[in-house]
Amino acid sequence: MQLRDNGLRFSPITIVLHWVVVILLLSIIGLGIALSQSVDDAQKLEYSHLQNLLGTILFCISIYRFWARITSYHPLPLGTPNPVEVIASRSVAAALALAMVLLPLAAWLTKCAAGETVGLPGGWAIPAPFGPSVEAHHLFGILFKTGATAFLAGLALHIFGALKSHLILKNDALKRMLGKHVEL
Ligand code: HEM
C-alpha cells in the first residue's frame, strides 16, 4: 500500500484521514449546537465529554496529518490551473491541517484557564497544566476565536475551490480526494 503522497497521487491514508477529519469536525460542531440547545444538565455533561473525546482524537490525527502534509509531495494539480491558485490552494490546505492541531489545543487551554475540568466519557479527565486564571482565559479565548474565524474563512475558500473544480472546471480533483484513480 502507498503510505505517503507523491507527485502522482494521494495515499489512501491521506484520503481516509481527510474525510475522518471532516466527520469529526462536523460532529464537534453538531455537539456544540446540541450543548447550547440542551437544558438538561446531565445531558449537557454527556455532550461535553463526547465533544472533548472527539477533540482529542482530532488533535492526535491532525499532528500526524500536518506532519505528513508538509513532509510529502502534493500530487500535481489536475487540468492547467493558474500557478497562483495552486500555491494559494496548497497553502490553505496546509493551514487547515495546522489549524486542526492548534484549535483543539487552544480550546483545551481556554477551558483549563476557566477552571473547567476537561472530562471524557467513562469518568476520565485530561489533566490541566495550570490552575484557573482570568488573564490566561482571556488570552486563550481571543486566540481560539481569532483562529476559529480564520479557519472558517479558509475552509469556505477550500470548499469553494473543490466545488469550482467539480462543477465549473469539471475536473476530477474532488473525485481524486474520494479515492478515484486519476492518471496524470
Ligand atoms: C466538505 C468539506 C471538504 C471538501 C469538499 C474538501 C475537498 C478537498 C479536495 C478536493 C482536496 C484535494 C485537493 C487537491 O487535489 O490538491 C482536499 C485536500 C485537502 N483538504 Fe479538504 N475538503 C473539505 C474539508 C476539509 C477540512 C475540514 C480540512 C481541515 C483539515 C481539509 C483539509 C485538506 C487538506 C490538508 C488537503 C490536502 C491533502 C491532505 O493533506 O489531506 N479539508 N480537500
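Heavy atoms only: backbone and side chains are in, while hydrogens, waters and symmetry mates are out. Since we're looking at a predicted model, the values are computed, not measured. Both ligands and their constituent atoms are indexed starting at 1 by order of listing.
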Open item on the list: Test of understanding: with salt bridge (charged side-chain N to carboxylate O under 4.0 Å, His left out), list the residues that count as partners of Glu116, not counting sequence neighbours.
Closed with: none

Tabulation required: pairs of a nitrogen or oxygen in ligand 1 and a protein nitrogen or oxygen under 3.5 Å; columns are atom names and distance to 0.1 Å; otherwise 'none'.
residue	atom	partner	partner atom	Å
ligand 1	15 (O)	Arg176	NH2	3.0
ligand 1	16 (O)	His74	NE2	2.8
ligand 1	20 (N)	His18	NE2	2.9
ligand 1	20 (N)	His158	NE2	2.8
ligand 1	22 (N)	His18	NE2	2.9
ligand 1	22 (N)	His158	NE2	2.8
ligand 1	40 (O)	Arg69	NH1	2.7
ligand 1	41 (O)	Arg65	NH2	2.9
ligand 1	42 (N)	His18	NE2	2.8
ligand 1	42 (N)	His158	NE2	2.9
ligand 1	43 (N)	His18	NE2	2.9
ligand 1	43 (N)	His158	NE2	2.7

Open item on the list: Aromatic contact between Phe10 and His18, with the criterion being ring centroids under 6.0 Å apart: yes or no?
Closed with: no

Open item on the list: If only side-chain N and O atoms count, and only distance matters, is there a donor-acceptor pair under 3.5 Å linking Thr149 with Thr146?
Closed with: no

Open item on the list: Which residues pass the side chain to side chain donor-acceptor pair (under 3.5 Å) test with Ser36, not counting sequence neighbours?
Closed with: none

Task: Cation-pi geometry met for Arg4 and Trp67 (6.0 Å, 45°) - done: yes

Open item on the list: The criterion is salt bridge (charged side-chain N to carboxylate O under 4.0 Å, His left out); which residues satisfy it with Lys145, sequence neighbours excluded?
Closed with: none

